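Single-structure report; data block below.
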2 protein chains.
Amino acid sequence: MKLMKWTDLPNEGCSVARTMSVLGDRWTLLILRDTLFGIRRFDDIQKRLKITRHLLSDRLKRLENHGLLERKPYQERPTRYEYHPTQAARDFVPVMQAMTAWAQTHLPTEKSEPYRFLDRETRQPTDPKVIDVNTGVEITSQSIWVEANRD
Amino acid sequence: MKLMKWTDLPNEGCSVARTMSVLGDRWTLLILRDTLFGIRRFDDIQKRLKITRHLLSDRLKRLENHGLLERKPYQERPTRYEYHPTQAARDFVPVMQAMTAWAQTHLPTEKSEPYRFLDRETRQPTDPKVIDVNTGVEITSQSIWVEANRD
DNA sequence: AGTCATAGGTTCTAAATTGGAACTGAGTCA
DNA sequence: TGACTCAGTTCCAATTTAGAACCTATGACT
């Protein structure tokens, strides 16, 4: 049997598999998180995350190639760059918040969450829930049914 | 500077980091996906996913240790086990669906999605959106504000 | 001029993880 | 008996990650 390799994932029909092909490498999602939370420079990310510079360099390139980060110069002489999240990356924020809520319930810890998500208007903490746009009903493993797709 | 290792992640305060410590290894989320979609036996998962058996063995153990899978015997002589998702795993389904929707927009492909999420009542495809329970407003990178937490 | 510091990397080696294939063991079937 | 199923384990090679040092360009300091 021909085995599947990690590098074959981008060509999968399954969206979860394609998401993993971009964000499923070690550290990648944490780097994206930092850029989304406003940390955008190589050394700043490296200092906060404390991963090896080599890995950070590699992951930033891959996120750029996949259209999740944009390299923008912020000074000349010498030219230095910041890594800015694109719209695709910003659109991942709600997924990350849903993930955060999941971990707060199922992977609890004594340490406090380093970030809070606040509503821009009310300035109150937000409490995420996934709903179905069509019915307005909350999506849970009870409310939905997963079916093999035959198109 | 003391570098952080991948194995330090479970002790992080950040929920995204803790989620990655459990689901951020190669193949892990895809294995969980298969069990959630009803594929529960070692060989069945291996045949569908086509990963090496020893990786599958390793990941199943880790998912079990983290409380996402439960090993249940389904026959005697010889005793064989199925891997059943726990409530913690089932609660990840909405996150996965949000992720799927994200990838369909931002990592498009010609291949069709192998699975569909349907409403159990209406039998219609569901269309996920993350909202704030408090305000009912959709959570987007525009609607929220991320703030460092000082507790 | 020489030294330091800063930002953003690259290069090197060692350790760990993953890929690929074959093998084990308990039991079933022909 | 031999072939087959399921659920792994074992072995070695290939790839990735960890850790540290080094490089380049610029500016500031002495």
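Quick note on labels: first sequence line is chain A, next is B, and so on, each numbered from 1. Given the structure is predicted, the values throughout are model-derived calculations rather than measurements.
Here D:dA21 presents its P atom at 11 Å from CG of B:L3, a figure rounded to the nearest Å. In this structure, the CG atom of A:L56 is 16 Å from the C1' atom of D:dT16, given to the nearest Å. Nucleotide D:dA18 holds its P atom 11 Å from the CG atom of A:L49, rounded to whole Å. In this structure, B:R59 places its CZ atom 8 Å from C1' of C:dT17, rounding to the nearest Å. Computed from coordinates, the B:I39 CD1 to D:dC6 P distance equals 15 Å when rounded to whole Å. In this structure, B:I51 places its CD1 atom 10 Å from C1' of C:dT18, rounding to the nearest Å. C:dA21 atom C1' lies 14 Å from atom CG of B:L55, rounded to whole Å. Between A:W27 atom CH2 and D:dG19 atom C1' the separation is 13 Å, expressed in whole Å.
The ring pair (Phe, Tyr, Trp, His ring centres under 6.0 Å) pairs that include a residue from residues 9-30 of chain B are A:W6-B:W27, where partners are two or more places apart or lie in different chains. For residues 127-149 of chain A, no pair satisfies ring pair (Phe, Tyr, Trp, His ring centres under 6.0 Å), with sequence neighbours left out. Applying the salt bridge (Lys or Arg N to Asp or Glu O under 4.0 Å) definition to pairs two or more places apart or across chains, none involves residues 6-21 of chain B.
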Set out, line by line, the N/O atom pairs under 3.5 Å between protein and nucleotides 28-30 of chain C.
none

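Residues satisfying the side chain to side chain contact (heavy atoms under 4.5 Å, CB included) test with B:Q104, not counting sequence neighbours, are A:S15, B:T100, B:E113. Remark: A:D91 engages no residue in a salt bridge (Lys or Arg N to Asp or Glu O under 4.0 Å) (not counting sequence neighbours). Contacts of B:H66 classified as side chain to side chain donor-acceptor pair (under 3.5 Å), with partners at least two apart in sequence or in another chain: none. Checked against side chain to side chain donor-acceptor pair (under 3.5 Å), A:T135 has the following partners two or more places apart in sequence or in another chain: A:D132. For B:R40, the side chain to side chain donor-acceptor pair (under 3.5 Å) criterion is met by no residue, not counting sequence neighbours. Partners of B:R71 by side chain to side chain donor-acceptor pair (under 3.5 Å), not counting sequence neighbours: none found.
A salt bridge links A:R41 to A:E82: at least one charged side-chain nitrogen sits closer than 4.0 Å to a carboxylate oxygen.
Listed by residue number, the members of residues 5-14 of chain A with any heavy atom below 4.0 angstrom from DNA chain C are A:K5, A:W6.
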**Request:** Spell out protein contact along nucleotides 3-10 of chain C as letters: B when the base is contacted, S when just the sugar-phosphate is, - when no protein heavy atom is under 4.0 Å; keep the 5' to 3' order.
**Result:** ---BBBBB

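No donor-acceptor contact under 3.5 angstrom links the side chains of B:R120 and A:S143, judged on distance only.
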